[in-house]
Amino acid sequence: MNVFALFAARVADALKGLYPSITEEALSRIVVEPPRDAAHGDLSTNAAMVVAKPLGKNPRDVASALADLFKADADVTSVEVAGPGFINFRLATPVWHEVLKSIAAQGGDFGRSNVGMGERVNVEYVSANPTGPMHVGHTRGAVFGDALASLMAYSGYDVTREYYINDAGSQIDTLARSTMLRYREALGETIEIPPGFYPGDYLVPVGEALKAEFGSSLLEKPEAEALSLVKDRVLAAMMDLIRSDLAKLNIHHDVFFSERQLHGQGGDIDLTLEWLRAEDMIYQGRLEPPKGKTPEDWEDREQTLFRATNYGDDVDRPLVKSNGAYTYFAADIAYHRNKYLRGFNHMVNVLGADHSGYVSRLKAAVKAVSHGEADIDVRICQLVRLMKNGEPFKMSKRSGDLVLLSDVVDEVGSDATRFMLLYRRNDAAMDFDFAVVKEQTRDNPVFYVQYAHARTYSVFRKVAEEMPGLDTSASALAAADISLLSSEADLELIKALAQWPRIVASAASAHEPHRVAFYLYELASAFHGFWAKGNQDVALRFVNADDSMLTTARLALVGAVRQVLVNGLTLLGVSAPEELS
RNA sequence: GACCCCGUAGCUCAGCAGGAUAGAGCGCAGGAUUCCUAAUCCUGAGGCCAUGAGUUCGAAUCUCAUCGGGGUCACCA
């Protein structure tokens, strides 16, 4: 049950009754939310102000007319018009108790919604080049994309999680050659890795596997044939490596889409270019060199250009390189056309900061290939600076000695890594301090939230100890007399729980998983705060050995807090331990 | 030269399809344990929301300019 959505609907209905001429557009702008200052009430709406202008009326008049309609509502104890035309509601206690009941009844589905209306959305994330293990730079986008996909699925979208394997470029040839060296090494040769090759020792086992499979026979084959065999093997090995890195963070994709399958005679790129040409979205022309600094090897030539400027980009984009091969962007247009033809009218791409210049081009491509039917949201994850005790952590460039994703996860754990990365807006650069992330204090929001969850268990353990006869089964809690939860502290906590559905829905539609992380922190804080009140006031304790009715009701409340914490942590992919050790 | 992101408390950051007195943590000063894991809680000090203009009933939030910080800039992927 989402009280905010419920009242938004009631307010809209009331307005339609008052002003039949009102437009849906105006109604859609109505927001019902908790007022910034809780002293103003439980709910606040801007409805009168939003609607007044198109109606040509005074907002305060609309507000008071609207408020009058709610005066008789049994769910509402007070309605006030405030400021320029806000309407503030205070809700009757039974409404909050209903919320509590609905949490127990809905369990893991409390917060689930259908704002996505079953629409298919393709969320593409990670898409790291398969040339080695994942390093920290990839981690943020991986976690962000994964959480966003979960959030959208929970909010009623039909989500496909996709990984685009860039396995077609020249870097893959270099990878194959690098692997070839490791193969020779496995055969006993002393090798030297030339600059520009991949030096990482993660290729050593691939070389050995090649030896096991082929013996020395690859050396006797023509180079092209050998390299082609090596390429297949190493790509598979690298993708295994990447998948296992991702698995450490509990990240899994539904579709791994290979760029290679787009290439080739009569492939998707060919077909796409043909199609673009038929649609007059391509022409032969010249580009101006970029102003300011002209690249040294600038070559003024006539080339095949996509009319990106017709779709909001700054400049038309080349599709064919001077050596005749397709550009990366040509493949990407084909790829996004492929997504569209697979039935995705909504796409989300999660990219690193170094791709920010790519965004308008990608949007242009999607707009073009779908004739404006599909939309794409590109979420850029800004850089993460690794810190150790407040000092930037130097990454050595020597021999692939970058900080690996698996190093970070091994060092601080998946939960802390995920939560910290999500506890920040994606479009702001962030520092990631190992020392802080490992620390188990309030400084570290992960433990703060997990501790709140663990505390819900310790309450139940305490009850089992102090009131051994008390029935704490789910059915007993469902039957609890929650009308006993009438103190201000109880209601405050329930109101915090009631926020959850609107937080999820807004986070999903804004594509901002960090809102979930911040909410969980607030809920944990509300729960910890309630706990401490029991120190002053015995009536507010969770466990009252001489009042089993009240204790049972409180346990129902604690159970609801636990449920919401679990629901949120699950969306973020963070575990909810019963005990912290 | 152009484009993208950021600039909010000493520090790290929320708040931004405009709304009522701008929030949290850390740090600082003081306090709280006969329910529970103090891994917690409470109180206080601390702000020209980078600067300047504009839009309007109303701007941290939208627009433009300026200044700072980061990222990117034909044919790499």
* Please work out if A:D316 contacts a base, only the sugar-phosphate, or nothing of the nucleic acid, heavy-atom cut-off 4.0 Å. => nothing
* Base, sugar-phosphate, or nothing: which does A:A82 touch, judged by heavy atoms less than 4.0 Å apart? -> base
* To do: Sticking with atom C1', work out how far B:G25 lies from B:U8, rounded to a whole angstrom.
  => 15 Å
* Structure fact -> Of A:L571, A:L569, A:V446, the one forming a side-chain contact (heavy atoms from CB on, under 4.5 Å) with A:L520 is A:L569
* Asked: How long is the line joining CZ of A:R515 and P of B:G15, in whole Å?
  -> 7 Å
* Asked: With stacking defined as ring centroids separated by under 5.5 Å and planes differing by under 30°, is A:H40 stacked against B:A20?
  -> yes
* Among B:C75, B:U40, B:A77, find the nucleotide with the atom closest to the side chain of A:S322. => B:C75
* Asked: Can a donor-acceptor pair be found between the side chains of A:Q284 and A:T304 at a distance below 3.5 Å?
  -> yes
* Using the P atom in both, what is the distance from B:C5 to B:A65, to the nearest Å? -> 13 Å
* To do: Might you confirm whether atom NZ of A:K321 has over 12 heavy atoms from other residues, nucleotides or ligands at distances under 6.0 Å?
  => yes
* Asked: Looking at the side chain of A:K462, which of B:G71, B:A20, B:C35 is the nearest nucleotide?
  -> B:C35
* Rounded distance in Å between the P positions of B:A2 and B:C11 -> 31 Å
* Flag if over 12 foreign heavy atoms under 6.0 Å of CD, A:E288 -> no
* Distance between P atoms of B:A59 and B:G44 (Å, rounded) -> 29 Å
* Asked: What interatomic distance, in whole Å, is found between C1' of B:U61 and the corresponding atom of B:U55?
  -> 14 Å
* Separation between the C1' atoms of B:C67 and B:A50, rounded to whole Å -> 8 Å
* Say you pick atom P in B:G10 and the same atom in B:A20; how far apart are they, in whole Å? -> 23 Å
* To do: Tell me which nucleotide among B:A77, B:U40, B:C5 gets nearest to the side chain of A:N129.
  => B:A77
* Structure fact -> Among the nucleotides B:C41, B:U40, B:C75, whichever has the atom closest to the side chain of A:D297 is B:C75
* Could you state the atom-to-atom distance from CG of A:L362 to C1' of B:U72 in whole Å? => 15 Å
* Asked: Taking atom P of B:A24 as reference, at what distance in whole Å does atom CG of A:L523 sit?
  -> 17 Å
* Sugar-phosphate, base or nothing in reach of A:Y423, heavy atoms under 4.0 Å -> nothing
* Measure from the side chain of A:S170, starting at C-beta and using heavy atoms only, and say which of B:A77, B:C35, B:U37 lies closest. => B:A77
* A:N535, nearest nucleotide to its side chain (from B:A77, B:C3, B:C36) -> B:C36
* Given B:A38, B:A77, B:G15, the nucleotide with the shortest approach to the side chain of A:H355 -> B:A77
* So which nucleotide from B:U21, B:A20, B:A74 ends up closest to the side chain of A:P318? -> B:A74
* **Euclidean distance for P, B:C73 against B:C28 (whole angstrom)** => 43 Å
* A:Q536 CD - B:C41 P separation (whole Å) -> 13 Å
* With no hydrogens and no angle check, do the side chains of A:Y328 and A:N166 hold a donor and an acceptor under 3.5 Å apart? -> yes
* Distance only, no hydrogens: is a donor on one side chain within 3.5 Å (strictly under) of an acceptor on the other, for A:Y283 and A:D316? -> yes
* In B:A50, glycosidic geometry as syn within 90° of 0 or anti otherwise -> anti
* Asked: Atom CZ of A:F329 to atom P of B:C73: distance rounded to whole Å?
  -> 16 Å
* Send over the distance from A:H514 NE2 to B:G15 C1', rounded to a whole Å. => 9 Å
* Answer yes or no: is there a donor N or O on one side and an acceptor on the other, between the side chain of A:N129 and the main chain of A:T131, under 3.5 Å? => no
* **Nearest to side-chain heavy atoms of A:H528, which nucleotide of B:C75, B:G71, B:C41** => B:C41
* Asked: When the distance from CG of A:D354 to C1' of B:C73 is rounded to whole Å, what number comes out?
  -> 12 Å
* For atom CG of A:L383 and atom C1' of B:C5, their distance in whole Å -> 10 Å
